[in-house]
Each structure stands twice: as structure tokens, then as C-alpha cells.
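The block underneath contains the structure these notes are about, expressed in C-alpha cells.
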Amino acid sequence: QAWEKDIDGKHTTLFEDDGRFRLYYNPWDRMSAVRGGEERPTDRMLAYAESTDGVNWVKPRVGTVELDGSKDNNLVFPLNTSSGRAAHSAFVFKDQNGTPDERYKLIFTGREDGQPTMFGAVSPDGLRWTVLESPILPNYHADTHNVMRFDEEKGRYVGYFRGWKGSEAGKYHGRRTIAYAESDRFESWPVPQTIVAPDALDSPDTDIYTNAYSPWPG
């Protein structure tokens, strides 16, 4: 489709949901905010596809996001693009602990007041999203996938975040790491702490990139 000419393959979410596979992926308009002299709402969007067998996929016309004057597309986000809130590094999960109107959760990165920031959104169906007014993790730089879920055993939300070795107060340098945090509330997170990082035994160009996380049965 016209909005899929460029897809950022690093930022995708796939999970099984009551017999249906759900896929969220990032079409990316490299032309960014301006095309034909007119401002566009964002350069990164979130698109949706689904499958019952993992082989044959359907891209439903969701009808929630307007692009180039039409809602005839499979885009589900962004609905709110203020403060740099494009769908960068978007990750979706189903929250069994959430209320029916907040059953699905979305985390993504952007900027607020010039600082790198992590935002959240909630949805009853994984298609219609409401952006939380306040950031879930302010002044934190995370440029690739951050993954999260509600851990039933701990009774808390757990998150694996993109960290940077030597990160200081919103600035970053060094190499990418994996950082970890827990929270009682999806809406607010403490500063994640590094748990996996390159060391002196790794080559100088080693980065730990594009996190993935899946619980192992037992």
C-alpha cells in the first residue's frame, strides 16, 4: 500500500490472542513532516495485520487513522501526534490485569520539552488507542524496542528497556544495553537499571540491539 513503501523491520510486535495472531508493524515515511509543501502529522505510524494460522494474513481496514484524506487503511496509530509523539519503537501487549477499556497497552518513544521520553497508550481492542497524557518514563532515551508485560507471578509490570552505557540525564553515549524495571502501575516507571551490557571481552563495535522478551513455561 502507499503507506507501506518503507517499513522499519526492527520495530514489530507479534503475539497470539485467543486463537488469533496479531501483528503490529511500523510503516515509515522518510519524507517526514513535509510533503508537497504541507505538513504531515508524523513520519512513523503503526499498522495492523492478523492471521488465524500464522501463514495467511489479512490487513483489516480499521478506519481510525486519517492519512492523505482517507481512513481506508490498516493504520491504528498515531491518533495524537503532539509533542513529537510518533509511533517510534512501538510495542503492544495484552494486559490480562487491565480493565476492559485498557486491556491492551502500547509503549513508544518520542520527545517532550526537547527531552527523549517514553509514552504509553491504552485500548479496549488493540485497534483504537488513547494516549496517556503524562509520559510513563520521562527523560529516558530508548531508541529501539522496549518490551513489557504484566507478570502474574510477581503481580507487577516488568519491562526490558533499551539502555545506553554511560547514559547521563537525558544524554547518551557509549554502547547500547538492556535495562530492567518493575512497576505497580503501567502509567509510571522508575529509571531502569542495566542488566546486560558489553564488556571488555566483547568487540568494540558490539551493541545489544532490538530487545525481545518471552516468558518460558515453568
Side-chain angles (χ1 to χ4, degrees), residues 3-4 6-15 22-30 32-33 40-49 65 75-95 104-123 126-127 129-132 134-149 157-165 167 170-181 183 186-197 207-214:
W3 55 88
E4 297 177 317
D6 199 346
I7 295 176
D8 189 342
K10 297 191 298 295
H11 305 137
T12 59
T13 304
L14 171 66
F15 60 92
R22 311 191 79 166
L23 174 68
Y24 296 85
Y25 60 99
N26 255 157
W28 185 8
D29 182 356
R30 289 184 184 271
S32 184
R40 294 175 55 81
T42 181
D43 65 343
R44 289 180 187 266
M45 301 164 284
L46 192 63
Y48 173 75
V65 175
L75 299 173
V76 296
F77 192 83
L79 304 181
N80 180 344
T81 58
S82 63
S83 302
R85 299 183 184 186
H88 190 283
S89 304
F91 176 82
V92 180
F93 70 101
K94 186 175 183 179
D95 181 7
Y104 297 85
K105 302 290 199 297
L106 164 66
I107 59 174
F108 58 101
T109 62
R111 301 186 73 83
E112 186 164 270
D113 298 329
Q115 296 296 328
T117 301
M118 294 196 65
F119 300 100
V122 295
S123 170
L127 302 176
W129 294 95
T130 300
V131 177
L132 301 180
S134 299
I136 66 172
L137 185 54
N139 197 20
Y140 186 80
H141 181 84
D143 71 327
T144 55
H145 238 178
N146 306 276
V147 295
M148 187 181 294
R149 73 185 289 264
Y157 293 95
V158 299
Y160 293 82
F161 297 85
R162 159 65 56 245
W164 285 81
K165 196 170 185 178
S167 178
K171 299 179 180 180
Y172 61 93
H173 58 83
R175 292 183 283 178
R176 294 177 176 88
T177 67
I178 297 176
Y180 177 81
S183 176
F186 171 71
E187 296 84 358
S188 179
W189 288 76
V191 176
Q193 302 299 307
T194 299
I195 58 171
V196 181
D207 263 341
I208 300 173
Y209 203 54
T210 53
N211 300 343
Y213 164 56
S214 179

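Heavy-atom basis, side chains included; hydrogens, waters and symmetry copies ignored. None of the values given here were measured: they were computed from a predicted structure.
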Hey, is the main chain of [Y] close enough, under 3.5 Å, to the side chain of [X] for a donor-acceptor pair?
X: Asn139; Y: Pro116; result: no
X: His11; Y: Tyr25; result: no
X: Asn146; Y: Thr144; result: yes
X: Tyr24; Y: Gly126; result: yes
X: Arg162; Y: Thr177; result: yes

Hey, does [Y] have a side-chain heavy atom less than 4.5 Å from the side chain of [X]?
X: Leu137; Y: Ile107; value: no
X: Lys105; Y: Val122; value: yes
X: Ser183; Y: Ile136; value: no
X: Pro27; Y: Leu75; value: yes
X: Trp164; Y: Arg176; value: yes

**Prompt:** Out of Trp129, Phe77, Phe91, which one pairs with Phe108 under the ring-ring contact (aromatic ring centres under 6.0 Å, His included) rule?
**Reply:**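 The residue from Trp129, Phe77, Phe91 that satisfies ring-ring contact (aromatic ring centres under 6.0 Å, His included) with Phe108 turns out to be Phe77.
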### Task
Could you point out which residue of Phe119, Tyr160, Tyr180, Phe161 forms a ring-ring contact (aromatic ring centres under 6.0 Å, His included) with Trp189?
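That would be Phe161.
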Quick check: closest heavy atoms across [X] and [Y], and the distance to 0.1 Å?
X: Ala179; Y: Pro192; value: CB-CB, 3.5 Å
X: Ala142; Y: Met118; value: CB-SD, 4.2 Å
X: Thr117; Y: Pro135; value: CG2-CB, 3.2 Å

(request) Kindly write out the residues that satisfy side chain to side chain contact (heavy atoms under 4.5 Å, CB included) with Glu187, not counting sequence neighbours, or none if the list is empty. (result)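 Residues passing side chain to side chain contact (heavy atoms under 4.5 Å, CB included) with Glu187: Glu102, Leu132, Arg185.
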Worked check of side chain to side chain donor-acceptor pair (under 3.5 Å) between His88 and Thr109: CA-CA 5 Å; His88 190 283; Thr109 62; 3.0 Å; yes
Distance from [X] atom [atom1] to [Y] atom [atom2], nearest 0.5 Å?
X: Arg149; Y: Phe93; atom1: CZ; atom2: CZ; answer: 9.5 Å
X: His141; Y: Arg111; atom1: NE2; atom2: CZ; answer: 8.5 Å
X: Phe15; Y: Lys94; atom1: CZ; atom2: NZ; answer: 7.5 Å
X: Leu106; Y: Asp95; atom1: CG; atom2: CG; answer: 13.0 Å
X: Ile208; Y: Ile178; atom1: CD1; atom2: CD1; answer: 5.5 Å

Test Thr13 against Leu23 for side chain to side chain contact (heavy atoms under 4.5 Å, CB included), laying out the working first. CA-CA 6 Å; Thr13 304; Leu23 174 68; over 6 Å; no
Salt bridge (charged side-chain N to carboxylate O under 4.0 Å, His left out) partners for Arg22, two or more places apart: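 Checked Arg22 against salt bridge (charged side-chain N to carboxylate O under 4.0 Å, His left out); matches are Asp17.
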